[in-house]
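Data first, discussion second: the structure below is written as structure tokens.
No hydrogens, no waters, no symmetry mates; every other heavy atom, side chains included, goes into these values. Here is how names work: the chains are called A, B, and so on, in the same order as the sequence lines, proteins then strands, and each is numbered from 1.
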2 protein chains.
Amino acid sequence: MTQFGDNVRAVREQLRQDDRRFSLRQVAFRIGVEPAYLSKVERGDVAPPSEATTVRLARELGEDPDVLLAMAGKVSGDLQQIIRKRPRLFADLIRQLREAPDDAILRVVREVRDGEW
Amino acid sequence: MTQFGDNVRAVREQLRQDDRRFSLRQVAFRIGVEPAYLSKVERGDVAPPSEATTVRLARELGEDPDVLLAMAGKVSGDLQQIIRKRPRLFADLIRQLREAPDDAILRVVREVRDGEW
DNA sequence: CAAAGTGTGTACTATATATGACACATGACT
DNA sequence: AGTCATGTGTCATATATAGTACACACTTTG
């Protein structure tokens, strides 16, 4: 169950095919961790990194930070902060949408974005 | 900034006025922690308890677990799990609603609850 | 007034989290 | 053939998290 590591490695090796700046070492340096650490992360030898490191890694690899965080078993701190400001409202909303189909949620997103309130 | 502890203490002492089973000690025993620990928690001498303990405490005091968790700077694990299953969708939705007024969110909750999908 | 109950101070601890440092073997260029 | 880069194994560690255990002083209350 090393969803996270496998995915990171796959994406990185993909990028590497046309840009050799995506070696484990170079990526590690750019995101500010030791190569040995990133190696272990990719192989699932250790737990996924902290939120900050995961986000830097996502940016570096051109991945969606929220998606990578999800694979790391985390939820972005800024989302949590939003929820914590109005816990009842957001808790209800999210639980309500637990089983909703994707397009229903998307519709809500658009509805809200395109005005209405 | 001991929002959490102050609130717990206030609620507990309130309940205690007509039910002496709400002494710090008795509550501590019922939620399964040491009295000394609960004491420190209420005074903000230590960080808020774990999610599990916070939820037991909320139930014991008749408070909304999500609200108490929010005061503890946390977001319920089950909500996080829902978000992690569809990170992009929920991240967009939640950020979209960051500044929305309460009643707009409530409307969405109801809209979703009362069918439509 | 004795017994029981109340909250709290001090000291300790186990587990998890999030890495760093260094050395090493293998493979790829030059 | 030699240099350089690549990924990895081993060991160590700092900080945070989530409490326990015990003793003590004050206050009800029977």
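- For the residue pair B:Pro65 and B:Ala58, the shortest heavy atom distance occurs at CA-CB, 3.7 Å.
- With sequence neighbours excluded, the residues satisfying side-chain hydrogen bond (donor to acceptor under 3.5 Å, both in side chains) with A:Arg86 are B:Asp102.
- In this view, B:Glu63 satisfies the salt bridge (Lys or Arg N to Asp or Glu O under 4.0 Å) rule with no residue, not counting sequence neighbours.
- Counting 5' to 3', DNA chain D first comes under 4.0 angstrom of a heavy atom of chain B and last does so at the ends given by D:dA18 to D:dC22.
- Each of B:Asp45 and B:Gln26 was assigned the nucleotide of DNA chain C with the nearest heavy atom; the assignment lying further toward the 5' end belongs to B:Gln26.
- Under the rule for a salt bridge (Lys or Arg N to Asp or Glu O under 4.0 Å), the partners of B:Arg12 that lie at least two apart in sequence or sit in another chain are B:Glu42.
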Q. Taking it one step at a time, do B:Ile83 and B:Ile94 satisfy side-chain contact (heavy atoms from CB on, under 4.5 Å)?
A. CA-CA 10 Å; B:Ile83 295 169; B:Ile94 293 165; 3.8 Å; yes
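- A donor-acceptor contact shorter than 3.5 Å is absent between the side chain of A:Glu60 and the backbone of A:Val27.
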Q | Summary of protein contacts for nucleotides 15-30 of chain C, nucleotide by nucleotide, where a base hit scores B, a sugar-phosphate-only hit scores S (4.0 Å, heavy atoms) | A | ---SBBBB--------
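- Qualifying salt bridge (Lys or Arg N to Asp or Glu O under 4.0 Å) partners for A:Arg95, counting only residues two or more places apart in sequence or in other chains: B:Asp66, B:Asp78.
- Remark: the backbone N or O of B:Val55 is not paired with any side-chain donor or acceptor of B:Arg59 at under 3.5 angstrom.
- Contacts of A:Ser23 with the nucleic acid, taken as non-hydrogen atoms under 4.0 Å apart, involve only primed sugar atoms and P, OP1 or OP2.
- Remark: B:Arg21 is not in phosphate contact with C:dT6, judged by side-chain N or O atoms under 4.0 Å from OP1 or OP2.
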